[in-house]
Amino acid sequence: MPEQSEKWPKGVPWTLMHAHNAGQVARIRCGLCNIKRFYKPKELREVIGNVSIDQLRTKVRCERCGRKDSIDAELFHPVGQELETMRFRRLVEIRWEKRVVWKDE
């Protein structure tokens with residue numbers, strides 16, 4: 001479970017919006033490709049929704065190998081030197097494609 005307040009009620013999931021308000025960062029890592037990417041929880045929330053970190057693991061796919069089963073995700077508070085060396089993936093835009101499918105009869 002992410003670093004939470006000791007007064008956090010049991011049974012209530014720690015969502016991406018809670019993580020954003022607490023100043024946490026999301027680290028998503030592929031176990032096969034061994035690639036780590038850092039995201040702002042608020043931007044992940046725009047794409048995936050306000051889900052817990054456990055639900056996030058099932059919704060994210062590796063861009064390099066395309067696998068879902070080897071994804072590891074965690075929320076953490078970056079400190080000092082670690083924060084300076086991190087490169088965040090930032091959300092630029094969301095595009096929705098409209099595709100037309102025809103069928104001959």
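Side chains included, hydrogens not; waters and symmetry mates left out as well; all remaining heavy atoms used.
Note on W96 and L91: same hydrophobic cluster, where clusters join Ile, Leu, Val, Met, Phe, Trp and Tyr whose side-chain heavy atoms are under 4.5 Å apart, directly or indirectly. No continuous path of ILVMFWY side-chain contacts below 4.5 Å connects M17 to I94, so the two sit in separate hydrophobic clusters. In terms of hydrophobic clustering, with Ile, Leu, Val, Met, Phe, Trp and Tyr side chains grouped at heavy-atom distances under 4.5 Å, F38 and I35 are assigned to different clusters. At a threshold of 4.5 Å between side-chain heavy atoms, the hydrophobic network of Ile, Leu, Val, Met, Phe, Trp and Tyr places Y39 and V47 in one connected group.
Taking CG from D54 and CD from E74, the interatomic distance works out to 12.0 Å, rounded to the nearest 0.5 Å. Atom NZ in K68 sits 14.0 Å away from atom CZ in R57 (nearest 0.5 Å). Taken from CG in L32 to SG in C65, the straight-line distance is 5.0 Å, to the nearest 0.5 Å.
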Would you sort out whether T15 and V51 count as a side chain to side chain contact (heavy atoms under 4.5 Å, CB included), showing the intermediate values? CA-CA 5 Å; T15 62; V51 297; over 6 Å; no

Start with the C-alpha gap between V60 and L44, add the side-chain angles, then the distance that decides, and say whether side chain to side chain contact (heavy atoms under 4.5 Å, CB included) holds. CA-CA 10 Å; V60 176; L44 280 175; 5.6 Å; no

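R61 and E63 are not joined by a salt bridge, as no carboxylate oxygen comes within less than 4.0 angstrom of a charged side-chain nitrogen.
Looking at residues two or more places apart in sequence or on another chain, you find a side-chain hydrogen bond (donor to acceptor under 3.5 Å, both in side chains) between R90 and E43. For R29, there are no salt bridge (Lys or Arg N to Asp or Glu O under 4.0 Å) partners two or more places apart in sequence or in a different chain.
Remark: side-chain polar atoms of E84 are not paired, donor with acceptor, to backbone N or O of Q81 under 3.5 angstrom. Not a single donor-acceptor pair under 3.5 Å links the side chain of N50 to the backbone N or O of R45.
Residues I53 and W14 have side chains not in contact (no heavy-atom distance under 4.5 Å, counting atoms from C-beta outward). A heavy-atom distance below 4.5 Å is not found between the side chains of V25 and H77.
Here the closest non-hydrogen pair linking R67 and D69 is NH2-OD2, 2.6 Å. Nearest heavy atoms, C62 versus I71: N-CD1, 3.9 Å. The shortest heavy-atom contact between P41 and L16 is CB-O, 3.4 Å. Nearest approach of K59 to I48, heavy atoms of both residues: CD-CG2, 3.4 Å.
Heavy atoms of other residues, nucleotides or ligands lying less than 6.0 angstrom from NZ of K36 number 12 at most.
For the pair R27 and F76, the cation sits on the ring face: its NZ or CZ lies under 6.0 Å from the ring centre, inside 45° of the axis.
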